[in-house]
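Working notes, beginning with the structure itself.
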Amino acid sequence: QSFSTEFTQKMMDTFIPNSNWYYFEDIVKATQFLDTQLEKEEWVNLIITENNKDLNGVEFIEAIQELECEYENKYSEFYIPKLLLTENSESPSLYKSTGEPLECFHYSKSEDIDLLGKFIKSLCISENFHFRKPVF
């Protein structure tokens with residue numbers, strides 16, 4: 001909790017000050033929120049999740065990828081960048097339960113926060129991740 005609060009505040013104050021942040025401790029509620037946003041064509045530019053003893057970020061990313069598959073017929077080139085933060089610097093097993101690779105960026109929470117902030121800012125402003133156009 002304290003990492004999330006400090007991390008969020010630093011990102012909002014320094015790197016992406018005009019952004020909206022939504023915080024969830026429950027994967028189901030977070031996935032429902034995302035589904036509602038996509039249905040209303042209100043875009044999410046980046047999802048940040050943790051993988052630790054209390055939160056299963058890998059499971060959440062799998063749920064997001066399932067949503068992306070559901071919406072790929074509605075939106076062209078549909079993709080939401082996902083950032084997985086972990087307790088240690090060693091890369092976790094980034095594979096779905098099906099054995100397919102998990103599509104996400106990975107950083108350790110011990111990473112320099114300024115470096116991490118610059119990376120997050122680049123994801124949020126990158127032309128590759130701007131609003132997706134509906135397929136007509």
To the nearest 0.5 Å, what is the distance between [atom1] ([X]) and [atom2] ([Y])?
X: Ser108; Y: Leu85; atom1: OG; atom2: CG; result: 8.5 Å
X: Asp35; Y: Lys40; atom1: CG; atom2: NZ; result: 11.0 Å
X: Glu50; Y: Phe7; atom1: CD; atom2: CZ; result: 8.5 Å
X: Ser122; Y: Lys118; atom1: OG; atom2: NZ; result: 11.0 Å
X: Glu6; Y: Lys10; atom1: CD; atom2: NZ; result: 11.0 Å

Over all heavy atoms of both residues, which pair between [X] and [Y] is shortest? Give the atoms and the distance, please.
X: Phe15; Y: Lys121; value: O-CD, 3.4 Å
X: Thr49; Y: Gly57; value: OG1-CA, 3.6 Å
X: Met11; Y: Gly117; value: SD-CA, 3.4 Å
X: Ile16; Y: Ile120; value: CD1-CG2, 3.8 Å
X: Ile61; Y: Glu103; value: CG2-O, 4.2 Å
X: Cys124; Y: Asn45; value: O-ND2, 3.8 Å

* Using the side-chain contact (heavy atoms from CB on, under 4.5 Å) rule, take Ile48 and Leu84 through it: C-alpha gap first, then chi angles, then the decisive distance, then the call. => CA-CA 6 Å; Ile48 301 172; Leu84 178 66; over 6 Å; no
* Can the ring centroids of Phe119 and Phe105 be said to lie less than 6.0 angstrom from one another? ->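 They qualify: ring centres under 6.0 Å apart.
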* Please assess Tyr22 against Val44 for the test side-chain contact (heavy atoms from CB on, under 4.5 Å), listing each intermediate value before the final yes or no. => CA-CA 10 Å; Tyr22 302 94; Val44 174; over 6 Å; no
* To do: With sequence neighbours excluded, give me every salt bridge (charged side-chain N to carboxylate O under 4.0 Å, His left out) pair touching residues 11-24.
  =>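 For residues 11-24, and leaving out neighbouring residues, there are no salt bridge (charged side-chain N to carboxylate O under 4.0 Å, His left out) pairs at all.
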* Asked: Within the side chain of Lys82, is there an N or O that forms a donor-acceptor pair under 3.5 Å with the backbone of Ile80?
  ->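 Yes: the side chain of Lys82 pairs with the backbone of Ile80.
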* Take Tyr23 and Thr8 through the side-chain contact (heavy atoms from CB on, under 4.5 Å) test and state the conclusion after the steps. => CA-CA 9 Å; Tyr23 181 80; Thr8 302; 5.5 Å; no
* Note, Ile64 side chain near Thr31 side chain (heavy atom, < 4.5 Å) ->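 The answer is no; the side chains never approach within 4.5 Å.
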* Can you tell me if Glu39 and Tyr71 form a side-chain donor-acceptor pair at under 3.5 Å? ->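 The criterion, which ignores hydrogens and geometry beyond distance, is satisfied for Tyr71 and Glu39.
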* Could you go step by step and tell me if Thr86 and Tyr107 meet the side-chain contact (heavy atoms from CB on, under 4.5 Å) rule? -> CA-CA 7 Å; Thr86 58; Tyr107 273 91; over 6 Å; no
